[in-house]
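Inspection log for the structure reproduced underneath, given as structure tokens.
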Amino acid sequence: MPKLTIDGQEIEVQDGITVLQACEQIGVEIPRFCYHERLSIAGNCRMCLVEMERSPKPVASCAMPVGEGMVIRTNTPEVQKMRKGVMEFLLINHPLDCPICDQGGECDLQDQAMGYGLDHSRYIENKRAVEDKEMGPLVKTIMTRCIHCTRCVRFTTEVAGVTDMGMLNRGEHAEITTYLEKALDSELSGNVIDLCPVGALTSKPYAFVARSWELKKTETVDVMDALGSNIRVDSRGSEVMRVLPRLNEDINEEWISDKTRFACDGLRRQRLDRPYIRQDGKLQPATWDEAFALIKQRLDGMSGEKIAAIAGDQADCEAMVALKALMTGLGSANIDCRQDGAKTDPSLRAGYLFNSTIAGIENAGALLIVGANPRVEAAVLNARIRKRFLMGNFPIAVIGEAPDLRYDYQHLGTGPADLQAVLDGTSPFAAVLKKAQRPMIIVGQGALARPDGAAIHAMTYEIAEAFGMVDKSSGWNGYNVLHTAAARAGGLDLGFVPGEGGLDTDGIIAAAGSGAVEAVYLLGADEIDTDALGNAFVIYQGHHGDAGAHRADVILPGAAYTEKNATWVNTEGRAQLGRLAAFPPGDAREDWTIVRALSEVLGKTLPCNDLKGVRSMLVDANPAFLGIDSVSAAPWGKFGTPGKVDTAPFASPITNFYMTDPISRASETMAKCTDTFQQAEQKKTGTDG
């Protein structure tokens, strides 16, 4: 570990870090534009220049490795003069449009110009202008503001895995472009907005909407996929204006997907803001008392066997535990949180979690992906797999579809027969798994949400056992299930699955169609075939007028994820708290309070009167809810049901990344993305027209 002196202070640092990182360790601030800790070093803005003893020239601290005996000075008059000179050059062609720039108030260039720049300009020549580029419906460009830090280029190339951006020409003619003037084709493209230190790349949907200092900032979690990315929701009044990433090294680092970032405009459209009841075949506005009275009238005297409940993909844990208690009170065991019909075995927690954890991907030695397309099912997790791939010595194989995952892999086949070949050892990848240290498997819903899902589940357990994916001595568990729904792991933790003699989702829908089930409670369940529910009495509780609301006989307006204090469990089993950023519209209420009020009307009053009470019900149901923001290792054991498997190929359940839930389907921005990128995909595959 080398010792060096920074501004008269001697420190010992880890070998291999840069001078800039060493300065940060002792609290010395070094200005920078091009340097970013998650990207490769470019060293092209020169803002981080410092003096180094025995060096004839100033050094770029972001690119200079530390060395034994170095003497660094960061704040001498010469360094200050250098910084002012660099800033003067950076501002030569920068337009004076801060008053109308969306970056105003949170702009690195503004901040550093104030802190390190000159108070006057000597430049009198004509400024150059650069034509704006077309980067699709999400990223707005004002390229005259660009200072050529190349953060965006390095992000898209290194993290997102696309080569759509680069710098053309040299000197005064240099400019960042997408080469062919095409849209940025990445599910992570919005992150370049956060990375841009000036106003060259800004959010197109957010353009001229609000200023940063007008907004209330709320730290919460995302529910657009099962990853549980940490986000910050910025709201003004009752309206969510934008969603930004929040740093969490264990989950999303500092990235979020485009759907997480831009689908928030769907929170303003097609909202349910009052109860409705169906009269003469049409839904009519009603009061809460009228809606509850109709439910009581229809359920009175009905046997519990004829009542069922299905929880949707974004349902929070508080609502599910309350609804489960209500169903138990009504004598019904017909409940399920797996609205896609997944045959996940709920009896063993390790059988339905991402056991290696998301951060643990970086420690894996080999990867087998079964029936999943992580690029569209969990885009940020896919970036973590790419990060491990770029470290080297990480063989990856896929069984199922063969999409562009942004990294190289071996395609072993499409169906269960190819999975069986791995288990039998006849697949070429079997030897790779056998030899690898800490091998892992990712099982997607494309493999489990099939009639033979239980048998596939059992087969993947046998593979984990056969190839040493679970090592109790080191604590490594490489068996991972990748969910597509934010509510799924939490629902399984709470036991929101059929009780003894109860029906699962497929059984509930079939029984409702035949008349054996007469009442169905849909807790935000919009992804099922609502037309197959026959003449059943349907209660829909949710926040958007989506498929479930169209079929409902009674609509109870609930709160979206930004409008309630609630708990979600991500795919790795991490319980996280979402916080209220804006109040629900109209008469809509938090979901667990609706179930609690209904239980009283039905004479099955739940034992909770406040949020603390309902959260104690969560802990009673599963002690895992005691450890908020932490992951506890799940005991390993046998799961799944061995049996005959179908020959049909595995297929990812997500065909359109931009529209997977009621919020994103109501989003105008996501509709534009669908038009732009789905058409491009069709042209690429030759399936258009």
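Numbering starts at 1 and runs along the sequence shown.
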> Any side-chain heavy-atom pair from W568 and D316 closer than 4.5 angstrom?
Replying inline: yes
> Do D194 and R261 pass the side chain to side chain contact (heavy atoms under 4.5 Å, CB included) test, and can you show the C-alpha distance, the side-chain angles, and the key distance before you say yes or no?
Replying inline: CA-CA 11 Å; D194 299 329; R261 184 186 299 270; 2.7 Å; yes
> Which side-chain hydrogen bond (donor to acceptor under 3.5 Å, both in side chains) pairs, counting each pair once, include a residue from residues 205-214, with sequence neighbours left out?
Replying inline: E214-R236
> Could you give the distance from NZ (K182) to OG1 (T676), rounded to the nearest 0.5 Å?
Replying inline: 11.5 Å
> So, the side chain of N373 versus the backbone of R375: is there a donor-acceptor pair under 3.5 Å, distance only?
Replying inline: yes
> For V380 and L188, what are the C-alpha separation, side-chain angles and deciding distance, and is it a side chain to side chain contact (heavy atoms under 4.5 Å, CB included)?
Replying inline: CA-CA 7 Å; V380 177; L188 300 169; 3.9 Å; yes
> So, the side chain of D164 versus the backbone of D185: is there a donor-acceptor pair under 3.5 Å, distance only?
Replying inline: yes
> Should we count OH of Y123 as having more than 12 external heavy atoms under 6.0 Å?
Replying inline: yes
> Rounded to the nearest 0.5 Å, how far apart are CG of L195 and CG of L201?
Replying inline: 9.5 Å
>> Taking E88 first and then R46, would you say they form a salt bridge - that is, a charged N and a carboxylate O separated by under 4.0 Å?
In response: no
>> Do D661 and D313 make a side-chain contact, defined as non-hydrogen atoms from C-beta onward lying under 4.5 Å apart?
In response: no
> CD of E239 to CZ of F583: how many Å apart, nearest 0.5 Å?
Replying inline: 15.5 Å
>> One pair to check against salt bridge (charged side-chain N to carboxylate O under 4.0 Å, His left out): D265 and K672. What are the steps and the verdict?
In response: CA-CA 12 Å; D265 64 326; K672 290 177 181 176; over 6 Å; no
> If you measure only the distance, is there a donor-acceptor pair under 3.5 Å linking the side chains of E219 and N230?
Replying inline: no
> Do the side chains of K133 and V130 get nearer than 4.5 Å, heavy atoms only?
Replying inline: yes
> Given side chains that start at C-beta, do those of E187 and F677 come closer than 4.5 Å, heavy atoms only?
Replying inline: no
> Are the side chain of Q103 and the backbone N or O of C196 linked by a donor-acceptor pair below 3.5 Å?
Replying inline: yes
> Less than 4.0 Å between a side-chain N and a carboxylate O, is that true for K259 and D225?
Replying inline: no
> Rounded to the nearest 0.5 Å, how far does CZ of F155 lie from OG1 of T150?
Replying inline: 14.0 Å
> Which heavy atom in A559 sits nearest to a heavy atom in K564, and how many Å separate them?
Replying inline: O-NZ, 3.1 Å
> Do R151 and L39 pass the side chain to side chain contact (heavy atoms under 4.5 Å, CB included) test, and can you show the C-alpha distance, the side-chain angles, and the key distance before you say yes or no?
Replying inline: CA-CA 8 Å; R151 280 186 180 183; L39 304 176; 4.3 Å; yes
>> Show the nearest heavy-atom pair for residues P653 and T484, with the distance to one decimal.
In response: CG-CG2, 4.1 Å
> Is there a donor-acceptor pair closer than 3.5 Å between any side-chain N or O of H94 and the backbone N or O of C146?
Replying inline: no
>> With heavy-atom distances below 4.5 Å as the criterion, would you say the side chains of F33 and C62 are in contact?
In response: no
> Which heavy-atom pair separates G578 from T220 by the least distance, and what is that distance?
Replying inline: CA-OG1, 3.1 Å
>> I'd like to know whether CE of M114 has more than 12 heavy-atom contacts from other residues, nucleotides or ligands below 6.0 angstrom.
In response: no
> Do NZ/NE/NH1/NH2 and the carboxylate oxygens of D340 and R488 come within less than 4.0 Å?
Replying inline: yes
> Counting distance only, does the side-chain N/O of N191 pair as donor-acceptor with the main-chain N or O of I256 below 3.5 Å?
Replying inline: yes
> Are any of the side-chain heavy atoms of P584 and P557 separated by less than 4.5 Å?
Replying inline: no
> Does T571 reach the main-chain N or O of F354 with its side chain, forming a donor-acceptor pair under 3.5 Å?
Replying inline: no
>> Once salt bridge (Lys or Arg N to Asp or Glu O under 4.0 Å) is applied, what residue pairs with a partner in residues 28-39 remain, sequence neighbours excluded?
In response: E24-R32, R38-E249, R38-E253, R38-E254
> Is it true that atom OH of Y116 has more than 12 heavy atoms of other residues, nucleotides or ligands lying nearer than 6.0 Å?
Replying inline: yes
> Looking only at atom types and distance, does a side-chain atom of T357 sit under 3.5 Å from a main-chain N or O of G360, one as donor and one as acceptor?
Replying inline: yes
>> For a quick test of reading the model, state the closest non-hydrogen atom pair linking A315 to A487 and the distance between them.
In response: O-CB, 3.1 Å
> Hey, is CG on N169 packed in by over 12 heavy atoms from elsewhere, all under 6.0 Å?
Replying inline: yes
> Can you tell me if K387 uses its side chain to pair, donor with acceptor, with the backbone of V159 under 3.5 Å?
Replying inline: no
>> Between R242 and D102, does any side-chain N to carboxylate O distance fall below 4.0 Å?
In response: no
> With distance as the sole criterion, is a donor-acceptor pair present between the side chains of S356 and N480 under 3.5 Å?
Replying inline: yes
>> Please give me the minimum heavy-atom distance between E572 and I358, naming the atom from each residue.
In response: OE1-N, 3.0 Å
>> Is any side-chain heavy atom of P374 closer than 4.5 Å to one of L405?
In response: yes
>> As an exercise, state the distance from CE of M440 to CD1 of I396, rounded to the nearest 0.5 Å.
In response: 9.5 Å
>> Under 4.0 Å between a side-chain nitrogen and a carboxylate oxygen: does that hold for R128 and E175?
In response: no
>> If I take atom NE2 from residue H483 and atom CD from residue E377, how far apart are they, to the nearest 0.5 angstrom?
In response: 11.5 Å
> Tell me, do V233 and R579 make a side-chain contact under 4.5 Å, heavy atoms counted?
Replying inline: no
> Considering all heavy atoms of both residues, which atom of V243 and which atom of V240 are nearest to each other, and what is their separation?
Replying inline: CG2-CG1, 4.5 Å
> Do we see a donor-acceptor contact under 3.5 Å between the side chains of R246 and N252?
Replying inline: no
> Any donor-acceptor pair under 3.5 Å linking the side chain of H544 with the backbone of G524?
Replying inline: no
> Within the distance-only criterion (no hydrogens, no angle test), does the side chain of R269 pair as donor or acceptor with the backbone N or O of R665 below 3.5 angstrom?
Replying inline: no
>> Could you walk me through whether D222 and L227 satisfy the side chain to side chain contact (heavy atoms under 4.5 Å, CB included) test, starting with their C-alpha distance in whole Å, then the side-chain angles of each, then the deciding distance to 0.1 Å, before giving a yes or no?
In response: CA-CA 8 Å; D222 171 52; L227 204 63; over 6 Å; no
